[in-house]
Amino acid sequence: MIQAAAVRAGFLGSYHAGLMTSTKTFSMDDLVALCKRRGFIYPASEIYGGLNGFWDYGPLGTELKNNIRDAWWHDMVRCPPIGPDGEPISIVGLDSSIIQNPRVWEASGHVDGFNDPMVDCRETKSRYRADHLMVLGGEDTGERRLYAYLAGDDEGRDRAVKLLGKYEKVSAEEADWTDRPLVDLPAAALERVVGPDTKEPGSLTEPRQFNLMFKTFVGALQSEDSAAYLRPETAQGIFLNFNNVVDTMRVKVPFGIAQVGKAFRNEVTPRNYIFRSREFEQMEIEWFCHESEAATWFDFWCETRRKWWESMGLTSDSVQMRRHDADELAHYAKEGCGTFDVEYRFPFTSPDFGELEGVAHRGNYDLSRHMEFSKKKLEYFDQPRNERYLPHVIEPSAGLSRGTLAILCEAFTPDEARASKVYMKFQPRVAPIKAAVFPLVNKDGMPEIAGKLYETLRQRWPIQYDAKQSIGKRYARMDEAGCPWCFTVDSDTVNDQAVTVRDRDSLSQDRLAIDQVENWLADRLK
């Protein structure tokens, strides 16, 4: 459904919520406004009113997302971590097709089991995840109204409190109201529920199952015989190519296959900016190991992935590990290890956390299902053990889109002392612009010297040259873009062959010889 409000509101499903840490507090709307203003993220097809659940990455957002992706690929695939035995582990890469044979999704369980409970509003035509809706109301007498709102939506709950108070003619302080999940209500109670965007009860339908996969058709004829699906995850392409990789790459269990790519889920209620969207990117590893070693590798990957996110600049007090409860486990999750989530304290979840990455013990569910449905042997022959078996799988599955959002949130730093009032404190490794080069003024040979320095540096890094407006406004633009350093050519440069280096975080300014700039920057961007 086309949503013109997507552009007006800044992001769909938005609501004000402060991110509380020891150092900063800000509204999600402030971050969204900066991302639009500085070219990190735009609403998709904005000139047509936007489309719910889809986003475009602007020039700086593309660089940021690619930097995170490339850092993950380098640290996990090209230069993988040291394993429990003190030796580098073995991981190879893959890029599988977005559309696969439809039988893949029957085998994986997605056709029958990849469903969410959906509730429609007959009045507004809005659609909600039933398990995302809460209701506010008093003791259930079979007569009193209940007011629905999205879980975590502070503004939505405030609206429910206001309307319920007006209806029952009582203040919130005097009321006996409680909050409870909509799915806990008996079906008959839905007649008394006022929807999140309505004023009268009875507009919400009973929850019904809704398959999250995007359906498409392959070939000229659009019939059920040509039906296919956009992949809802990147993992299955890895399992399908398990034998191919074993046969062509001389890998031995334990080893991993990694993939970065887009996935598509027809979310009932996409919300919270790019946190829950219908098109997103994943960074996934399927780690194949012997069943007897699965627990060891599970612990290894939980700790490795938590540390990696911290190395990307997410502070330890904003990152936590949480084990899934029994009722949260996916159908493939193996009892025992289960699933741990790496979680980040997003502004819209604060003071609680939201999922950033899951580390799951999938057992041998996927390989066994594909062997059953395809009738192809997928067992691995382990020569040292003289044993043939289906490996167990540990899956660290990270959201690249969510990771980008987490790093944007972490970097967003209000500072009233600056002209920009805010700066993006990106770790240099992921910063979209590594440095900027300015002539102080456009005369006296300064543009020529600055241009030459810019030409040298841009051969190695993303560098920006800016000669427009005052030096203060140029610094402010670079602060909002998250550029760590600015090199300014001034009137003294002709005589001392040095430039002024301005540090984004400390605001310190030091002199540095022009012929040392490249090495100075290289040392800091290792």
From CA spacing to verdict: side chain to side chain contact (heavy atoms under 4.5 Å, CB included), Leu182, His132: CA-CA 8 Å; Leu182 178 82; His132 286 175; over 6 Å; no
Quick check against the 3.5 Å criterion: does Arg192 have a side-chain atom that pairs as donor or acceptor with the backbone of Pro201? no
Does any donor atom in the side chain of Thr234 or Gln259 lie under 3.5 Å from an acceptor atom in the other side chain? no
Begin with the C-alpha distance, continue with both residues' side-chain angles, and end with the deciding distance and a verdict on salt bridge (charged side-chain N to carboxylate O under 4.0 Å, His left out) for Lys307 and Glu310. CA-CA 5 Å; Lys307 287 182 176 179; Glu310 291 182 5; over 6 Å; no
Using the side chain to side chain contact (heavy atoms under 4.5 Å, CB included) rule, take Phe280 and Thr404 through it: C-alpha gap first, then chi angles, then the decisive distance, then the call. CA-CA 11 Å; Phe280 55 95; Thr404 301; over 6 Å; no
Do the rings of His392 and His361 sit parallel, tilted or perpendicular, given the 30° and 60° boundaries? tilted
Compute both the distance and the angle, then confirm whether Arg322 meets the cation-pi test with Phe353: under 6.0 Å from the six-membered ring centre, within 45 degrees of the axis. no
Quick check: does any side chain N or O of Arg265 sit under 3.5 Å from a backbone N or O of Leu212, one acting as donor and the other as acceptor? no
Arg306, Arg402, Arg305 screened by side-chain hydrogen bond (donor to acceptor under 3.5 Å, both in side chains) with Glu357, the one that passes: Arg305
So, the side chain of Glu233 versus the backbone of Ala263: is there a donor-acceptor pair under 3.5 Å, distance only? no
Can a salt bridge be assigned to the pair Arg271 and Asp153 using a cut-off of 4.0 Å between side-chain N and carboxylate O? no
Do you know which two heavy atoms are closest between Pro81 and Met76, and how far apart they sit? CG-CE, 4.1 Å
Between Asp197 and Tyr128, do the side chains contain a donor N or O and an acceptor N or O under 3.5 Å apart? yes
How long is the gap from CE on Met424 to SG on Cys35, to the nearest 0.5 Å? 6.0 Å
Note: Met371 and Lys376 closest approach over all heavy atoms is CG-O, 2.8 Å
Parallel, tilted or perpendicular: ring planes of Phe348 versus Phe346, cut at 30 and 60 degrees: parallel
Heavy atoms only: give me the nearest Pro432-Pro462 pair and the separation to one decimal. O-CB, 3.5 Å
Would you check if the side chain of Asn67 reaches a backbone N or O of Val430 as a donor-acceptor pair within less than 3.5 Å? yes
Between Phe288 and Phe242, how do the two ring planes meet: parallel, tilted or perpendicular, split at 30° and 60°? tilted
Are the side chain of Arg103 and the backbone N or O of Ser374 linked by a donor-acceptor pair below 3.5 Å? no
Is it the case that the side chain of Ser350 and the backbone of Arg345 share a donor-acceptor pair, with hydrogens and angles ignored and the cut-off at 3.5 Å? no
Without swapping roles, check the side chain of Arg278 against the backbone of Glu267 for a donor-acceptor pair under 3.5 Å. yes
Looking only at atom types and distance, does a side-chain atom of Arg38 sit under 3.5 Å from a main-chain N or O of Ala481, one as donor and one as acceptor? no
Can you check whether Ser420's main-chain N or O pairs, donor with acceptor, with Arg477's side chain at less than 3.5 Å? no
Residues Asp30, Lys421: salt bridge by 4.0 Å N-O rule: no
Shortest non-hydrogen contact from Leu136 to Leu164? O-CD2, 3.7 Å
Validation row, ring centre Tyr273 to ring centre Trp55 under 6.0 Å: yes
As an exercise, state the distance from CG of Asn101 to CD of Gln236, rounded to the nearest 0.5 Å. 12.5 Å
State whether the number of non-hydrogen atoms from other residues, nucleotides or ligands found under 6.0 Å of Glu206 atom CD is greater than 12. no
Given side chain to side chain contact (heavy atoms under 4.5 Å, CB included), test Arg180 with Leu185 step by step and report yes or no. CA-CA 8 Å; Arg180 50 195 147 158; Leu185 297 179; 4.2 Å; yes
For Val92 and Val77 the tightest heavy-atom approach is C-CG1, 4.2 Å
Between Ser401 and Glu281, is any side-chain donor less than 3.5 angstrom from a side-chain acceptor? no
Do side-chain atoms of Lys169 reach the backbone of Lys166 as a donor and acceptor pair under 3.5 angstrom? no
Ionic contact status for Asp415 with Lys425, cut-off 4.0 Å: no
For Trp309 and Ala398, which heavy atoms make the closest approach, and how far apart are they? CZ2-CB, 3.9 Å
Between Glu355 and Arg276, does any side-chain N to carboxylate O distance fall below 4.0 Å? no
How long is the straight-line distance from CZ of Arg37 back to CG of Leu34, given to the nearest 0.5 Å? 4.5 Å
Separation of Leu400 CG from Leu405 CG (nearest 0.5 Å): 11.5 Å
Over 12 foreign heavy atoms within 6.0 Å of CD, Glu191: no
CG-OG1 distance between Asp120 and Thr205, expressed to the nearest 0.5 angstrom: 4.5 Å
Hey, could you give me the CZ/OG1 distance between Phe40 and Thr62, rounded to the nearest 0.5 Å? 10.5 Å
